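Below is one structure; the comments refer to it alone.
Atoms within each ligand, like the ligands themselves, are counted from 1 in listed order. Note that the structure is a prediction, hence the values are computed from the model and not measured.
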Amino acid sequence: MAYYIQNEDLEIYDLIQKELQRQNTHLEMIASENYTFPSVMEAMGSVLTNKYAEGYPNKRYYSGCEYVDGIESIAIERAKKLFGCKFANVQPHSGSQANGAVYGALLKPYDKILGMDLSHGGHLTHGAKVSITGKTYQSFFYGVELDGRIDYDKVADYAKVIKPNILVCGFSAYTRELDFAKFKEIAESVGAVLMADIAHVAGLVVANEYPNPFPYCDVVTTTTHKTLRGPRGGVILTNNEEIAQKIDKMVFPGMQGGPLMHVIAAKAVGFRENLKPEWKTYAKQVKSNIKKLAEVLVKQEFDLVSGGTDNHLILMSFLKNDFSGKEADIALANAGITVNKNTVPGDIRSPFVTSGIRIGSPALTARGMKEKEFEWIGERIAEILSDIKNESLQSDIKKQVFALGNNFIIYDKSIF
Ligand SMILES: Cc1ncc(COP(=O)(O)O)c(C=O)c1O
């Protein structure tokens with residue numbers, strides 16, 4: 001499949017091969033990552049990458065769009081069916097672009113966003129000061145309590161003080177279910193639009209394994225990678241026609257130029273996978289795998305934020321340990337286990353060091369691993385962290401990790 005690159009650009013070919021090898025052998029446990037379907041990669045590597053198609057199906061600025069019109073229309077229909085809503089814009093190049101387009105469509109500069117604090121599990125695009133969203137709008141934040149859960153009464157009280165134009169619910173690192181009905185009550189009490197960013201849990205939502213933000217939220221954004229296992233990209237969903245029209249105008253021509261038609265085709269191919277009955281089995285397995293990991297770590301007396309999880313991720317807290325999230329991340333990476341350092345409630349360390357790590361199950365579940373493997377992985381994680389400076393232990397475990405990885409190869413040599 002890599003015929004041309006292999007023959008023409010060995011430097012890049014070699015690095016892609018090494019990355020393929022890394023993905024096949026290491027244990028990928030970054031909660032936002034996944035292994036997409038070969039069919040999705042085929043669509044992304046297709047001739048569709050050549051086509052300019054500014055506009056929307058049947059309303060393009062370029063000729064020759066008859067086939068890409070068909071593709072985008074199918075992607076829209078599948079997205080609507082999947083999430084159970086009336087309108088979908090499948091053009092955002094990423095989750096950040098999707099969020100930016102919603103704000104651009106519904107807010108004026110200096111309007112107020114109330115979102116989850118980045119250091120409490122929110123995303124940069126929920127108004128963080130370093131993000132364009134925090135520079136363009138006035139941003140205010142709610143967070144989690146020391147028990148790792150949102151206190152909805154506190155959010156309601158704060159919303160009454162701030163009177164946000166938009167209330168954002170959604171997260172990159174929260175371990176429990178969100179109560180969308182409560183968020184709706186809060187938004188209504190202050191006349192705010194309610195936006196849910198379900199980038200992390202969308203794959204569970206569409207399998208009914210996590211609460212659905214519809215009918216409570218006015219607008220919903222998601223990425224199509226992460227738990228959905230599609231291509232990298234974003235989608236915006238709503239049931240409100242007026243909002244849908246504003247969003248279409250803001251995505252194009254407001255924020256983006258030509259849509260990435262190869263990625264839109266790949267989104268459609270991914271949605272087809274998400275609509276299959278087997279998807280539910282995958283989503284259920286994602287949850288039971290992470291629950292098994294949580295159970296093993298708690299048994300080994302490690303602290304988990306909120307004590308466990310209702311979704312696809314856990315947050316280990318090292319506030320009571322004498323090492324940081326960064327040290328834990330490095331020690332696990334040395335053993336071939338890829339996670340990411342993460343702040344935890346009450347953290348006293350900087351975001352570059354942190355007192356926690358975030359671990360997710362979607363990618364290894366896609367490789368076919370089940371509770372038995374997650375139990376084994378949990379035991380190895382506990383062993384490494386209980387003797388964090390022991391580098392020879394880390395390299396011993398790395399060999400075992402690679403042996404396990406080799407039994408769960410997801411991409412064979414024909415993949416590129
Ligand atoms: C909740 C949430 N929203 C949005 C994004 C942004 O997605 P992207 O990386 O595609 O811009 C992320 C990415 O991690 C996320 O976790």
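Between Ser172 and ligand 1, at least one N/O pair is under 3.5 Å apart.
Taking every non-hydrogen atom of Ser96 and a distance limit under 4.0 Å, the qualifying atoms of ligand 1 come out as 6 (C), 7 (O), 8 (P), 11 (O). Annotation for ligand 1: atoms under 4.0 Å from non-hydrogen atoms of His200 are 16 (O).
Nearest non-hydrogen protein atom to atom 7 (O) of ligand 1 is Thr223 CG2, 3.3 Å. The protein atom (non-hydrogen) at minimum distance from atom 13 (C) of ligand 1 is Lys226 NZ, 2.9 Å. His225 NE2, 4.4 Å is the protein heavy atom nearest to atom 9 (O) of ligand 1. Atom 1 (C) of ligand 1 has Phe171 O, 3.1 Å as its closest protein atom, hydrogens excluded (heavy atom only). Protein heavy atom closest to atom 10 (O) of ligand 1, with residue, atom name and distance, is Gly95 N, 2.9 Å. Among all protein heavy atoms, the one lying closest to atom 3 (N) of ligand 1 is Asp197 OD2, 2.6 Å.
Using a 4.0 Å cut-off between charged nitrogen and carboxylate oxygen, Glu145 and Lys154 count as a salt-bridge pair. Contact check on Glu185 versus Lys182 returns no salt bridge, with no Lys/Arg side-chain nitrogen under 4.0 Å from an Asp/Glu carboxylate oxygen. With respect to the salt-bridge test (charged N to carboxylate O, under 4.0 angstrom), the residues Lys80 and Glu77 qualify. Electrostatic pairing of Lys287 and Asp310 does not count as a salt bridge here, judged by no charged N lying under 4.0 Å from a carboxylate O.
A donor-acceptor pair shorter than 3.5 Å can be found between the side chains of Ser119 and Asp117. Counted by atom type alone, Thr125 and Asn99 present one or more donor-acceptor pairs between their side chains at under 3.5 Å.
The only option from Glu72, Glu54, Met255 that meets the side chain to side chain contact (heavy atoms under 4.5 Å, CB included) definition with Gln91 turns out to be Glu72.
Only side-chain heavy atoms of Ala199 come within less than 4.0 Å of ligand 1; its backbone N, CA, C and O stay farther off. For Gln97, no heavy-atom contact with ligand 1 is shorter than 4.0 Å. Contacts between Arg232 and ligand 1 below 4.0 angstrom, taking non-hydrogen atoms only, are absent altogether.
In this view, Ser32 and Ile30, His200, Lys226, Arg358 satisfy the side-chain contact (heavy atoms from CB on, under 4.5 Å) rule, not counting sequence neighbours.
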